[in-house]
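Working notes, beginning with the structure itself.
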Amino acid sequence: MKTKIVFIALAILFLFSCKKDNPGPNEVFMDGTKFNPSSLTISSGTTITWTNKESSTHTVTSDKGTFESGDMMKSKTFSFTFTTAGTFAYHCKHHSGMTGSVTVQ
């Protein structure tokens with residue numbers, strides 16, 4: 001019985017330690033009504049992945065039409081590879097104050 005309880009406790013600890021609260025390199029999380037981080041600087045050829053961490057529907061929509069995720073429900077991801085230098089501003093179609101940018105060097 002003790003062994004079973006210890007095993008269950010360790011499994012729960014493992015699951016909680018796998019929860020990712022902060023984006024890694026080349027990741028952007030949608031937290032509430034903001035992009036986290038709101039700006040990134042990358043090298044050409046880098047792929048950025050956005051993940052919706054919220055129950056609200058979000059989009060990743062380029063201000064100039066370069067990329068468009070479509071509606072993203074919770075836990076959905078969208079990836080885009082940037083191959084041209086410049087600054088690419090983007091927003092969420094559903095939340096006007098939700099903006100971000102990617103600077104490609």
Side-chain angles (χ1 to χ4, degrees):
M1 180 69 170
K2 277 186 175 182
T3 305
K4 189 174 186 177
I5 292 172
V6 169
F7 178 77
I8 291 170
L10 288 173
I12 291 170
L13 285 172
F14 174 77
L15 290 174
F16 279 106
S17 69
C18 291
K19 184 179 178 201
K20 198 168 175 189
D21 291 327
N22 295 309
N26 308 323
E27 287 185 312
V28 177
F29 288 172
M30 294 170 221
D31 292 323
T33 56
K34 66 179 180 143
F35 291 106
N36 175 26
S38 61
S39 64
L40 289 171
T41 300
I42 61 171
S43 299
S44 180
T46 300
T47 300
I48 302 296
T49 299
W50 289 264
T51 303
N52 185 358
K53 294 290 194 175
E54 298 298 322
S55 58
S56 297
T57 301
H58 293 296
T59 70
V60 181
T61 305
S62 167
D63 289 0
K64 299 208 175 187
T66 309
F67 50 89
E68 167 63 52
S69 67
D71 284 346
M72 295 173 60
M73 306 306 273
K74 185 174 184 171
S75 301
K76 296 300 179 188
T77 63
F78 168 73
S79 296
F80 184 81
T81 302
F82 292 85
T83 58
T84 306
T87 299
F88 299 85
Y90 61 91
H91 63 279
C92 173
K93 285 183 177 179
H94 303 293
H95 303 97
S96 60
M98 193 170 171
T99 62
S101 66
V102 176
T103 301
V104 182
Q105 299 178 332

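These values consider heavy atoms only, across backbone and side chains, with no hydrogens, waters or symmetry-generated copies.
Between Ser44 and Thr84, the shortest heavy-atom contact is OG-N, 4.1 Å. For the residue pair Leu40 and Ile48, the shortest heavy atom distance occurs at CD1-CD1, 3.7 Å.
Side-chain N or O atoms of Ser69 include one that pairs as donor or acceptor with a backbone N or O of Val60 at under 3.5 Å. A donor-acceptor pair under 3.5 Å is absent between the side-chain atoms of Ser101 and the main chain of Ser39, judged by distance alone. In terms of modelled atom types and a separation under 3.5 Å, the side chain of Glu68 and the main chain of Gly70 share a donor-acceptor contact. Side-chain atoms of Ser38 do not come within 3.5 Å of backbone N or O of Phe35 as any donor-acceptor pair. At least one donor-acceptor pair under 3.5 Å links the side chain of Asn52 to the backbone N or O of Met72. Judged by distance alone, the side chain of His58 and the main-chain N or O of Thr33 form no donor-acceptor pair under 3.5 Å.
The closest side-chain heavy-atom distance from Asn36 to Pro23 is below 4.5 Å.
Thr59 OG1 to Trp50 CH2: the interatomic distance, rounded to the nearest 0.5 Å, is 11.0 Å. Here the CG atom belonging to Asp31 is positioned 8.5 Å from the CG atom belonging to Asp21, to the nearest 0.5 angstrom. Between the NE2 atom of His95 and the CE atom of Met30 there is a distance of 11.0 Å, given to the nearest 0.5 Å. Taking CG from Asn26 and OG1 from Thr46, the interatomic distance works out to 5.5 Å, rounded to the nearest 0.5 Å.
Under the side-chain hydrogen bond (donor to acceptor under 3.5 Å, both in side chains) rule, Asp71 has a single partner from Lys76, His94, Lys93, which is His94.
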Audit row: Val102, Ile42, side-chain contact (heavy atoms from CB on, under 4.5 Å) steps and yes/no: CA-CA 7 Å; Val102 176; Ile42 61 171; 3.6 Å; yes
Derivation and outcome, side-chain contact (heavy atoms from CB on, under 4.5 Å), residues Thr66 and Phe88: CA-CA 8 Å; Thr66 309; Phe88 299 85; 4.2 Å; yes
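Ring planes of Phe78 and Phe80: parallel class, angle under 30° (limits at 30 and 60°).
Note: Phe67 and Phe82 meet the aromatic proximity criterion, with ring centroids under 6.0 Å apart.
Side-chain contact annotation: Glu27 with Thr49, donor-acceptor N/O pair under 3.5 Å absent.
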